[in-house]
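Report on the structure given below.
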Amino acid sequence: MNVVDVEKLTKVYQPRMRKGGIVALDEVSLSIEQREVFGLLGPNGAGKTTLFKVLLSICRPTSGSAMIHGLPPADPRSRRKVGFLPENHRFPEHLTGRGLIALTGRFHGMTRVQIEERSDYLLDLVDMAKWGDTLIRKYSKGMAQRIGLAQAMVANPDLLLLDEPTDGVDPVGKVELRKVFQRVRDEGKTVVLNSHLLSEVESVADRVAILQRGKVVKVGSVEELTSRRSQYEIEAEIGNRLFDIPEDIGKRVSVSSNRLIVELNDSENVNWVIDAMRAKRISIRSVKPMKLTLEQSFVEAVTEPQEKGV
Amino acid sequence: MMAMVRDTWSEFRSRKMTILFGFLTALAVLAVLGSLAVDFHIEIQGSPDMEESLRQLTRGPLMQAFASFVALLVFVAVMSTAGLFPRMLRRGTADYYLSRPVSRAELYLHKLIAIEVVYGGAVVVCAAVLYVTLWITYGLAAPALLWVVVGALVSLFVWLSFTVFVGLMSGSVGMTISATFVLWIAQKLLSGWYGTWREGLSEFLNSRLVVGILDTLYYVLPKIGDMETVFRQIAFADSVDSWLPVWSTLLFAVAMMWLTVAMFQRRDY
């Protein structure tokens, strides 16, 4: 069974005293499997946070369905095994870090002994053991973020929903947190990561969905989203020995004295290009399929629909 | 449930409420102790039984003073809890509470009960300290005063049902405190209208519509002051004039709670 199943989910915010609505989610369909780190990407206002809020029943869907562990969000049992780190959180400021972890544990029905054991482990994990008894209102942004991650993990959840988890965390901390996500994934948990830091998502996510204006415009593994199967980069001593590529094979994208980029109609056609180059006595050093960075893929995904619209 | 009680207790301590309640109680205790230094000269003529009559003479004002102190504590508790729910549901904090594995109705009821337990508990402790002081200094032994405390807890509950509703609807601490203050004054005025001024003012107003509106407001709005009076009448062994203020006020609280749950469940955060 999928951990998260979303089917044609639509959320329209109805502003008070005004006609019309703001479409935050527009028939979003997604499935998130167990044991995967799933990245949600999208520009500001794409609907990433709204998707989390609907999944957690913080706001209600306008239409469509969402399920966590096979239960609808309106059923509180669906949240028993879910940990959540909200974006721009303001945790109760009257609590200490340890107090927040304990409160979360109590909400999830944990005993005092369980909470104490878990608190010590989690404070160590997020490197906040020294500050556990300090009031949250005295924390820096990065410290609050770390303690937020600890409270999200207190009930040993099967699903972690993290909204901008490394926001405000220093670079060393970010690396440590990435290790935490991977460790959680290795323990068989599912992590859904909502972040605008593409490199961060690229480095930890198994699959990614790109949202744009409330719609899913791309979904797949990082490998799928970043590979450009039809383009190849060939490093060779070309010099001025140019040759034509027939239209049924592909086309030349760019060429210099030592590099050729071709876009082929079929990946098999790369052999034709190699043969043609060998026939021209061009010495080939390497042939590589071209890869996009996730950032390039993201920019393509979020600009294409707009351009088409224009 | 215990999660909310502990959370509210932490909030109570963090907001230095212990100091506020402790300070008010200390003032009341000092006032009682200070009153011992006042030299009363009352000449008694007659039999030695008059001493008992003298004891009865001081008993009434002492019990009234106790009841007034408890009413002050309730006022402080209501005003200091008015902002708790809006603060809990402000942007960023609401996400935390609403994503817990409890329904919104449970979250609301647990918070309401937690406030009642913590702040009501503070009222009970402070009242107990004053009662013990009065007992030691003046020998005031009046277990019936417990009814005054019960009345205070009931009125705190009614106030909470209202402040939480306004807090949820407006999301503003200031608005909640203002609305509470307006209701406080309105119910006092309406109580005066219904109990004392109705006959005279009806003739002066000469409008059946206005009289009808004022009567309706009296019946619809909570009659917390009058309800406290009923509990005082029980405590002072007086006959109860009417039970209407008690049951109609409790009905108002139940309606507020129902409305709050209905609205809370429909809200997006």
Side-chain angles (χ1 to χ4, degrees), chain A residues 11-14 16 24 49-50 52-62 68 71 73-96 99-100 102-112 115 135-137 144 148 151-152 155 157 161 163, chain B residues 1-19 80-81 83-111 113-115 118-119 168-173 261-269:
Chain A
K11 174 66 193 172
V12 181
Y13 285 111
Q14 215 67 51
R16 280 185 209 175
T49 298
T50 301
F52 275 8
K53 287 190 171 191
V54 172
L55 287 173
L56 293 162
S57 195
I58 296 169
C59 63
R60 296 170 309 145
T62 306
I68 293 187
L71 293 167
D75 187 337
R77 289 174 302 168
S78 69
R79 298 189 287 279
R80 269 194 199 152
K81 281 294 187 182
V82 179
F84 176 46
L85 172 65
E87 185 193 19
N88 297 327
H89 49 72
R90 284 167 81 181
F91 293 119
E93 291 175 346
H94 55 273
L95 295 174
T96 61
L100 179 70
L103 177 64
T104 312
R106 277 187 217 108
F107 270 122
H108 285 263
M110 294 168 71
T111 64
R112 207 174 75 177
I115 289 170
L135 283 170
I136 289 174
R137 61 169 167 253
Q151 68 78 31
L161 300 176
D163 204 347
Chain B
M1 179 66 220
M2 279 315 288
M4 269 302 186
V5 174
R6 280 169 183 263
D7 183 38
T8 309
W9 171 239
S10 300
E11 199 170 24
F12 182 86
R13 284 190 311 168
S14 165
R15 294 173 69 209
K16 312 263 189 285
M17 283 293 134
T18 37
I19 294 175
S80 40
T81 54
L84 293 188
F85 217 74
R87 259 195 292 271
M88 188 175 135
L89 294 176
R90 69 187 166 183
R91 207 179 165 84
T93 310
D95 292 344
Y96 172 75
Y97 283 106
L98 296 176
S99 59
R100 299 305 109 205
V102 287
S103 68
R104 290 196 182 185
E106 281 175 296
L107 196 68
Y108 160 71
L109 285 173
H110 288 182
K111 186 68 183 173
I113 294 168
I115 298 173
V118 172
Y119 285 80
L168 178 84
M169 292 299 292
S170 67
S172 151
V173 179
V261 171
M263 299 299 294
F264 191 26
Q265 280 172 335
R266 290 167 56 89
R267 277 271 164 112
D268 284 341
Y269 289 90

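Note on naming: letters A, B, ... go to the chains in the order of the sequence lines (proteins, then strands), and numbering restarts at 1 for each one.
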Task: Contacting moiety of B/Arg90, where chain A heavy atoms sit under 4.5 Å - done: side chain
- [ ] Against chain A, label B/Leu107 side chain, backbone, both or neither, depending on which of its atoms sit under 4.5 Å from a heavy atom there.
- [x] side chain
Open item on the list: For A/Arg80, I'd like to know if atom CZ has over 12 heavy atoms of other residues, nucleotides or ligands within 6.0 Å.
Closed with: no
Task: Point-to-point distance, once rounded to the nearest 0.5 Å, from CZ of B/Arg267 to SG of A/Cys59 - done: 13.5 Å
- [ ] State the CD-CZ distance between A/Glu93 and B/Arg15, to the nearest 0.5 angstrom.
- [x] 12.5 Å
Open item on the list: I need the residue from A/Leu56, A/Leu55, A/Asp75, A/Ile58 with the largest number of non-hydrogen atom pairs under 4.5 Å to chain B.
Closed with: A/Ile58
TODO: Pick whichever of A/Lys53, A/Glu87, A/Arg77 has the most heavy-atom pairs under 4.5 Å with chain B.
DONE: A/Lys53
Chain B contact via [X] - side chain, backbone, both or neither, heavy atoms under 4.5 Å:
{"X": "A/Thr104", "answer": "both"}
{"X": "A/Leu95", "answer": "side chain"}
{"X": "A/Lys11", "answer": "side chain"}
{"X": "A/Leu85", "answer": "neither"}

Task: Cation-aromatic face contact B/Arg100/B/Tyr97, 6.0 Å, 45 degrees - done: no
- [ ] May I ask you to check whether B/Ser14 and B/Glu11 show a side-chain donor-acceptor distance below 3.5 Å?
- [x] no
Open item on the list: If only side-chain N and O atoms count, and only distance matters, is there a donor-acceptor pair under 3.5 Å linking B/Asp7 with A/His94?
Closed with: yes
Open item on the list: If you count heavy-atom pairs within less than 4.5 Å of chain A, which of B/Arg13, B/Arg104, B/Glu106 leads?
Closed with: B/Arg104
TODO: For this output row, return yes or no: ring centroids of B/Tyr108 and B/Phe264 closer than 6.0 angstrom.
DONE: no
